[in-house]
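Written below as structure tokens is the structure these notes are about.
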2 protein chains.
Amino acid sequence: MFDPLGYAPAYLRVSELIRGRILRRELTEGAALPTETELARQFEVNRSTVREALRKLESSGLVGRRRGGKRLYVTRPTREAVGGGLSQALALHRTRVVDVWEALQSVQPGIAAAAALRRSDAALARLERVARRFAGRHADRAQAVADVAEFFDALGEASGNPVFVLLNEPLLGLLKPSLAIIIDRVPQARSRIEAAQAEVVAAVRARDAATASEWMARHVRDFRRGYEVAGIALSTEVGETPDAALS
Amino acid sequence: MFDPLGYAPAYLRVSELIRGRILRRELTEGAALPTETELARQFEVNRSTVREALRKLESSGLVGRRRGGKRLYVTRPTREAVGGGLSQALALHRTRVVDVWEALQSVQPGIAAAAALRRSDAALARLERVARRFAGRHADRAQAVADVAEFFDALGEASGNPVFVLLNEPLLGLLKPSLAIIIDRVPQARSRIEAAQAEVVAAVRARDAATASEWMARHVRDFRRGYEVAGIALSTEVGETPDAALS
DNA sequence: GGAATCATATTGTCCGACAATCAGACAGGC
DNA sequence: GCCTGTCTGATTGTCGGACAATATGATTCC
């Protein structure tokens, strides 16, 4: 009958108030936040309370520190921050590699099509560079995985759609570990990836959305074959490698 | 030449340590965290430091409080928590409605196909219920929008793929405001949505992936028509309505 | 068994303090 | 002129202690 009358601790209200200012663009990216003492004075709360609020904003990626800096600045959540949150959530939701694969299969052709339609020359250049790099050096396993991921990323950028860019990050992050195994165990993996990338790049250059989409679908479908050949169970759960992230 | 020698403040290390335990499932969902004082004792830091660490975990949705409760429990990030982070990030990345629409168009057909292939009877029942509800009451604008969103959500659930469920949330959240305008201004919007939902439901019931996918694509494509008819510029930026979230 | 009562533990918030270090000014040497 | 070293002040990270409000759990009573 009655909703509980909402009570919010001060650190939450402070955090929400600052968050609102940032989202409303009253605090624009790159602007320095007032110092903790100053914030405490303005909100009329203790500095400890302000600090708790700031920690919240910090971990949503809305504010951050410049390298080695002390003060906090307003920032946009980076790809990594957003992706980290999502992939962490997926890991806890018992997501399996096949789920990630299915999502990739569903979204990548659309990205490729959009990239083909709207790519800039610079974006095309990056795409070509990445593909060339992957094809060029057949040495390191970790590097190869990173190159493949960067190809996806470059394609997302080429699409000019920030949604695609942000979606790519967590999916690739979850894909990487199993991709590494595939590259290790499936001899023909590298050449097939290389071929698919070449076709996609060509289609994107020619602004041929249909072909780009088609080859990208094929590219992703290949991963599934890769799982099977490499002997990775499709029901394997993706697990966030709990990075220490600190020294 | 030299990498910066990483220094991490104590609150960060504490937060990462706890986060690691959760991700490694050593702290399982629903378990109560030790009290702040106890954590401070174990980590040998001050309680203030522990609290800052907890605020970080809190905002990534890894720990939470039970309604009106005092202690913290380990939780999985809810759909809303994840979606909120993503849509907040998208809003700050100057995402336009057309970007969101394009992403939906790329991902929804895949979801519909997966749902058709794997839907359980319970999931089908929910899908039918939601569609019927939308068709049944033609009254409230806000309710209609919520119903449409829930249809997407139900389809995601039916796919049995947590990735889809988690991706849907933020995209729908960003879509809603403009969808409300469409429903207000475009007279035939409701009947077209209703028709598309009916076809999708039928295809999902029949486990016909191709048809489900096709109608879902059509459904989403209709939104774009809706934007044009309603006079919404495709380049409109999606803006997070900065919810107060507190009273 | 269920309801009211009470003691205890825990959180939210405050205050004050101090060391480390970052930022900027300033001077000196090549 | 530019780099280096030095100094000063401001700011953050961390600590210890304190107290009110209230959730938690045990206890008693019907």
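Please read all numbers here as calculations on a predicted model, not as lab measurements. Residue numbers start from 1 in every chain, and the chains themselves are labelled A, B, ... in the order their sequence lines are given, proteins ahead of strands.
Within 4.0 Å (heavy atoms only), B:R47 reaches at least one base atom of the nucleic acid. Within the nucleic acid shown, A:R65 comes within 4.0 Å of sugar-phosphate atoms alone, with no base atom in reach, counting heavy atoms only.
Between B:E36 and A:K70, the residue whose closest nucleotide on DNA chain C is further toward the 5' end is B:E36. Between B:S48 and B:T35, the residue anchored closer to the 5' end of DNA chain C is B:T35, taking for each the nucleotide with the nearest heavy atom. Residues B:R71 and A:L72 each lie close to DNA chain D; by heavy-atom proximity, the contact nearer the 5' end of the strand is made by A:L72.
When rounded to the nearest whole Å, the span between CG of B:N46 and P of C:dC15 equals 17 Å. To the nearest angstrom, C1' of C:dT10 lies 16 Å from CZ of B:R66. Nucleotide D:dG13 holds its P atom 21 Å from the CD atom of B:E44, rounded to whole Å. Rounded to a whole Å, the CZ atom of A:R51 is 11 Å from the P atom of D:dC15. Distance, A:F43 CZ to C:dT13 C1': 16 Å, rounded to whole Å. The distance from atom CD of A:E52 to atom P of D:dT12 is 16 Å, rounded to the nearest whole Å. B:L39 places its CG atom 15 Å from the C1' atom of C:dA9, with the value rounded to the nearest Å. One interatomic measurement links the two molecules: OH of B:Y7 to P of C:dC22, which rounds to 9 Å at whole-angstrom precision.
Using a 3.5 Å distance cut-off with no hydrogens or angles, the side chains of A:N161 and A:S159 do not pair a donor with an acceptor.
Residues B:Q143 and B:F134 form no side-chain contact, since every pair of their non-hydrogen atoms from C-beta on lies 4.5 Å or further apart. A 4.5 Å side-chain heavy-atom check between A:L92 and B:L62 finds at least one atom pair inside the cut-off. Here the side chains of A:R65 and A:Y73 are not in contact, with every heavy-atom distance at 4.5 Å or above.
Salt-bridge check for A:R133 with A:E128: failed, with every basic side-chain N at 4.0 Å or more from each acidic carboxylate O.
Within the 4.0 Å cut-off from OP1 or OP2 of C:dA9, not a single side-chain nitrogen or oxygen of B:T37 is found.
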